[in-house]
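This report concerns only the one structure given below.
These numbers were taken from a predicted model, which means no experiment stands behind them. Counting starts at 1 for both ligands and their atoms, in listed order. Atoms considered below: every heavy atom in the structure, side chains included; atoms not considered: hydrogens, waters and symmetry mates.
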Amino acid sequence: MSKHLINLEDLEREGIQELLHLTDRFVEVTQRPIPKVPALRGRTIAMLFFEDSTRTRMSFDLAAKRLSADVLEFPTHTSSLSKGESIRDTVETIHSLGVDALIIRHNLNGLPKEIADGVGEAPSVINAGDGSNSHPTQGLLDAYTLCEHFHGSAGPQASLSGIHIGIIGDVRHSRVARSDVYAYNALGATVTIVAPKSLQPSDLTDWPVQISEDLDAVLPTLDVVGLLRIQNERMEEALVDSIEEYVESYGMTEARAAVLRDEVVITHPGPVNRGVELAETVLENRKNVLIKQQVKNGVPVRMAVLFRLLGSGVEID
Ligand code: CP
C-alpha cells in the first residue's frame, strides 16, 4: 500500500477490505474504558484544513490522539498565508518542522495529489476532501457503517453484495458521491444515482452505476437511501429552479419516508440542510437513520487509516 491516501481507487477492493477489517479492531479500542493506545507515540500529524470542516477535522484529531500521536494544528486564518505565502511554501515549511503526516482538505480538485507527488514517500499525505473530487475516508466510513449495520462488523472480507444503494441529490458537486460509489461498488453493492440532469456530473455514464431522475420510481427498490447535501458553495449558477421544487422531487419528506420499508436505512455525510434533503421529523424520529453512527465511525476508520500509513511494524496495543 502507498504511504499516501489520495483516493479509494488507489486501494482497490483488497485495500478497502483490509482497512475496514482494521477498523473492527479500532471500534473495540474506542469501546474500552480508556479508549487510547500507544501505537503512534512519537509520531506527529499536521492538520491542514484550508476549507471548513467539523466532522472530518475533529475525528482525525481524535483518531490521532487516541493513537497517542502529537497533533499539529495549522490555523489558516492566522498563518502566513495572509502575508501571501503560497500553499507549496507552507507545505514545505511544515514538512521541514518534521511531521509524519499531512492531512489536507482544500477546495481545489487534485491538490492533495499534487502535494503527495511533491513530497515523495514522506511525510504521508491524507486527502480529507478535495473540491468535488474525492473524500476517501468518508467513503470508508460510509461503507463501514453499512457493513456494521447489515452484518454486525466488516470482518476480513467486507461485502455489501445484494444491497441496493441509492445516492440521491447533488452528485455533480459531491466528492462524497465519487468515493462512496467506488467503495460500494468494490464491495459488491448495486448503486443507483438519482438526481436531476442539472445535478448529474458530465462523466456519469462512465460510473459503474444505474442512473435515474425519478426518486419515487427508485425508492421502493432501495435498501439504503444515501442523501447528499445541496452544495450551494460549489454552484457557480443556479442549478435547481427553487428549493421547494427540489424538495418536491428529491427531498426525503415525511410522505416519502412513510412509504419506505422499516428496514430501509437513511445515510447522509453531513452537514444536513434540514428540511431540504431530509425533513426534520424524519431526521429526529425515524428508526434506521444512521447519520450519528456515520459520524461515530469516523474515529475508528481514521484510526485505521493513520495506523496503516504510519504504524508499520507496530502493535496496536
Ligand atoms: N462529511 C464531512 O466531510 O463533513 P465536514 O465537512 O464537517 O468534515
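Residues satisfying the side-chain hydrogen bond (donor to acceptor under 3.5 Å, both in side chains) test with Gln294, not counting sequence neighbours, are Asp142. The ring-ring contact (aromatic ring centres under 6.0 Å, His included) check on Phe74 picks up Phe50, with sequence neighbours excluded.
Residue Arg105 places a heavy atom under 4.0 Å from ligand 1. For the pair Gly129 and ligand 1, no heavy-atom separation below 4.0 Å is found.
Here His106 contributes atom NE2 and Thr76 contributes atom OG1; the two are 9.5 Å apart, rounded to the nearest 0.5 Å.
Judged by the 6.0 Å and 45° rule, Arg105 forms no cation-pi pair with Phe49.
Each of the atoms 1 (N), 2 (C), 4 (O) of ligand 1 lies under 4.0 Å from some heavy atom of Gly270. Every atom of ligand 1 is numbered from 1 in the order shown, and the set under 4.0 Å from a heavy atom of Thr54 is 5 (P), 7 (O), 8 (O).
In terms of protein heavy-atom proximity, atom 4 (O) of ligand 1 is nearest to Arg55 CD, 3.5 Å. Closest to atom 2 (C) of ligand 1, if we only count protein heavy atoms, is Thr56 OG1, 3.6 Å.
Looking at Thr190, Thr192, Asp223 one by one, the single match for side chain to side chain donor-acceptor pair (under 3.5 Å) with His164 turns out to be Thr192.
For ligand 1, none of its N or O atoms has an N or O atom of Arg57 under 3.5 Å away.
Taking 4.5 Å as the limit, every side-chain heavy atom of Val265 sits out of range of all side-chain heavy atoms of Thr145.
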